[in-house]
Amino acid sequence: MTMTDPERIPVIIGVGQVNDRPADPDEGLDSLGLMVAALRVAAEDAGVPLAEIDSLAIVDQISFHSLGKLPEPLAAAIGASPAINYQSAAPHGDTPVRLLNEAANRIGAGEVKLAAIVGAEALRTAAGRAAKAASGEDKSYNAIRKVATRREPDYAQKHGLAAPVDVYPLYENATRAAWGQSLAEAQGESAEIWSHFSEVAAANEGAWIRKPETPADILRVDERNRPIAFPYSKLMVANSSVNQGAGFLVASLAEARRRGLPEDRLIYVGMGAAAKEPPSILRRDRYTGSVSMETSINRTLALNGMTAQDFDFVELYSCFPCVPKMARRTLGWPVDRPATVFGGLTFGGGPIANYMSHAIVSMVEKLRREGRYGFLFANGGFATDNHCIVLGKEPIAAASFPQDFDYQAEAEAKRGPVPDLVEDYAGPATIESYTVFYGRDGAPRAGVVVARTPEGRRTLAHVDVGDTAMLAFLTDGAKEPVGTAGEVVALGDGRFGWQSL
């Protein structure tokens, strides 16, 4: 069957998103309640009873561990008995786009006619209740799921590279040097992109922070905008302290027509492409770009027969500035045009893996009002997971479902050599990338250099933040540290430090 058969053409028919922010966070909804609320808004938007869906896909959540797996409780809460009912295996930022692509495939294969995708996080509520538990007010409460089990820190973690906010600066600093930007130029680009994000969020009722910020606001480091990990400050990183839910309904075009849904409210689903980086951040071929990101973007363009000039709107995932900066260069999206329809993960809100559900909702709403086509790029993990897809107010002629959206083999064929890793090296080296970590008081607390030995092997070294000259060299922008020579020295107890020459 081809995409000329309306039974096999996937369209988004309903969207819904909710912000839940009572004055007392303890009174907020949990993640299940947010999912129910979002789906009810989507059902009302479509004019379709939730009881009639035959597929339900849930973005995994972390905020209410006690809820367990949600497929059966959610289906019961919305009065549905879908034949296909599942939850993603883990909370990754690309998940909503993947679930949309999977729903489109099932419709294209004739397996389902009406599918729902939803996700939510209630970290604001969970944090409030966890704080009460810690203070003894509520000894029984354990809301926030521990994503990683306790274990001996690995080599990267021992050097402070444990969370996404620790790792993405490696890409930021490496790409800045590779693109020939000064620190001021690179930070200025980040601030311009983030300022546009804040403006979009200010006009979006679904966004969490609706206050526009100027580039100067983004760049100003103070108590309100404290440094986090060089060169990122608080207004440049994802805001996960939110209670947000978003969901959408996908149907075959034929099913939408049978239900008498207005054609001008249907948004066509285009083809998608996905690829991943190696799970270990130290087993990447480079930090100056991402071959899996490039593959997913370029392959999505090719599959849909489009270029950046065909898109009226884009959503480029924005957990940290390096991600949309790399993506916009691959896509060919100008810096002076907003790279979001929702508001970005700082201002729109960063509900862990479910951000792109909000982006899909906002893209649908935007395309219903104006424009023809939109491009969605999702990223997850430590710049690990990538999945792109196209949406259109008009049919996308090249689209055909089901499709194989896995382009990992293509990405691997383009990947450069991965340097060997050495954990006990001392001797001369050059800086491949680096970052400095800051405490809540704004003072530097640690730092790490990713270095290359003369043989091209990769190693890590601690930064002595008490060395004011070294700290200034790494952070003041007077000279680009990436590519400069230094030495890895043994500190004792199996630790190694960095010394600039």
Taking distance alone, no hydrogens or angles, what donor-acceptor pairs closer than 3.5 Å link side-chain atoms of residues 352-359 to residues at least two apart or in another chain?
unit_1 : atom_1 : unit_2 : atom_2 : d
Asn354 : OD1    : Ser357 : OG     : 2.7
Asn354 : ND2    : Gly119 : O      : 2.8
Tyr355 : OH     : Glu315 : OE2    : 2.6
Tyr355 : OH     : Thr340 : OG1    : 3.4
Tyr355 : OH     : Gly344 : N      : 2.9
His358 : ND1    : Gln17  : OE1    : 2.8

Check: Looking only at heavy atoms, which two atoms of Val221 and Ser233 are closest? And how far apart?
Finding: CG2-CB, 4.4 Å

Margin query: If we ignore hydrogens and angles and just use 3.5 Å, is the side chain of Thr95 paired with the main-chain N or O of Pro91 as donor and acceptor?
Written below: no

Item checked: Interatomic spacing from CG in Asn105 to CZ in Phe401 - rounded to 0.5 Å -> 6.5 Å

Notebook entry, point to check: To the nearest 0.5 Å, what is the distance between NE2 (His387) and CG (Asp406)?
Noted result: 9.5 Å

Check: Taking C-beta and beyond as the side chain, do Phe64 and Leu70 meet within less than 4.5 Å on heavy atoms?
Finding: no

Checklist line | Matching residue for Asn243 among Asp30, Thr125, Asn19 - test: side chain to side chain donor-acceptor pair (under 3.5 Å) | finding: Thr125

Next item on the list: Step by step, work out the salt bridge (Lys or Arg N to Asp or Glu O under 4.0 Å) result for Arg328 and Glu192.
Entry: CA-CA 13 Å; Arg328 79 169 191 85; Glu192 182 175 358; over 6 Å; no

Item checked: Test item: Tyr232 and Val165 side chains (from C-beta on) under 4.5 Å apart, heavy atoms -> no

Note to self: A side-chain contact here means heavy atoms from C-beta on lying under 4.5 Å apart; do Asn304 and Asp310 qualify?
What the structure shows: no

Margin query: Quick one, Glu255 with Arg258, criterion salt bridge (Lys or Arg N to Asp or Glu O under 4.0 Å). Give me CA distance, side-chain angles, the key distance, then yes/no.
Written below: CA-CA 5 Å; Glu255 183 67 17; Arg258 280 192 290 270; 2.8 Å; yes

Notebook entry, point to check: About how many Å separate CD1 of Ile193 and CD1 of Ile218, when rounded to the nearest 0.5 Å?
Noted result: 11.0 Å

Margin query: With a 4.5 Å cut-off on side-chain heavy atoms, are Ser318 and Leu345 touching?
Written below: yes

Note to self: Within the supplied structure, the quantity of interest is the number of heavy atoms (other residues, nucleotides, ligands) at a distance under 6.0 Å from Arg369 CZ; does it exceed 12?
What the structure shows: yes

Check: Of the options Thr330, Thr300, Val97, Val323, which is the one that meets Phe377 in a side-chain contact (heavy atoms from CB on, under 4.5 Å)?
Finding: Val323

Next item on the list: Please confirm whether Arg124 makes a cation-pi placement over Trp208, using NZ or CZ under 6.0 Å from the six-membered ring centre and within 45° of the ring normal.
Entry: no

Margin query: If I take atom OH from residue Tyr268 and atom CD1 from residue Ile12, how far apart are they, to the nearest 0.5 angstrom?
Written below: 12.5 Å

Check: Just wondering, do Lys393 and Ile267 contact through their side chains at under 4.5 Å, heavy atoms?
Finding: yes

Checklist line | Minimum-distance pair of heavy atoms, taken over all atoms of Ala246 and Val361 | finding: CB-CG2, 4.2 Å

Check: Any idea which heavy atoms bring Glu189 and Gln181 closest together, and the distance?
Finding: OE1-NE2, 2.9 Å

Notebook entry, point to check: Should we count CD of Glu185 as having more than 12 external heavy atoms under 6.0 Å?
Noted result: yes

Note to self: Are Pro169 and Phe230 packed together at the side-chain level, in the sense that at least one heavy-atom pair is separated by less than 4.5 angstrom?
What the structure shows: no

Next item on the list: List the steps, then state whether salt bridge (Lys or Arg N to Asp or Glu O under 4.0 Å) holds for Arg98 with Glu102.
Entry: CA-CA 6 Å; Arg98 177 170 59 80; Glu102 290 174 356; 2.9 Å; yes

Next item on the list: Check step by step if side chain to side chain contact (heavy atoms under 4.5 Å, CB included) holds for Tyr317 and Asp94.
Entry: CA-CA 9 Å; Tyr317 200 84; Asp94 64 315; over 6 Å; no

Note to self: Taking the side chain as everything from C-beta on, heavy atoms only, tell me whether Val291 gets closer than 4.5 Å to Arg286.
What the structure shows: yes

Next item on the list: Quick one: closest heavy-atom pair of Leu261 and Leu266, and the distance?
Entry: CB-CD2, 4.2 Å

Check: Side-chain contact, heavy-atom cut-off 4.5 Å: Asp45 with Arg265?
Finding: yes

Item checked: Modelled atom types, side-chain donor and acceptor of Thr384 and Arg284, under 3.5 Å -> yes

Next item on the list: Keeping to residues at least two apart or across chains, list the salt bridge (Lys or Arg N to Asp or Glu O under 4.0 Å) pairs with something in residues 106-116.
Entry: Glu7-Lys113

Margin query: According to side-chain hydrogen bond (donor to acceptor under 3.5 Å, both in side chains), who are the partners of Lys69, at least two apart in sequence or on a separate chain?
Written below: none

Margin query: Which heavy atom of Asn386 sits nearest to which heavy atom of Ser290, and what is that distance?
Written below: ND2-OG, 4.2 Å

Check: Which atom names give the shortest non-hydrogen contact between Ser31 and Ala120, and what distance separates them?
Finding: O-CB, 3.5 Å

Checklist line | Full working for salt bridge (Lys or Arg N to Asp or Glu O under 4.0 Å) between Glu172 and Arg176 | finding: CA-CA 6 Å; Glu172 179 71 36; Arg176 178 189 68 237; 5.8 Å; no

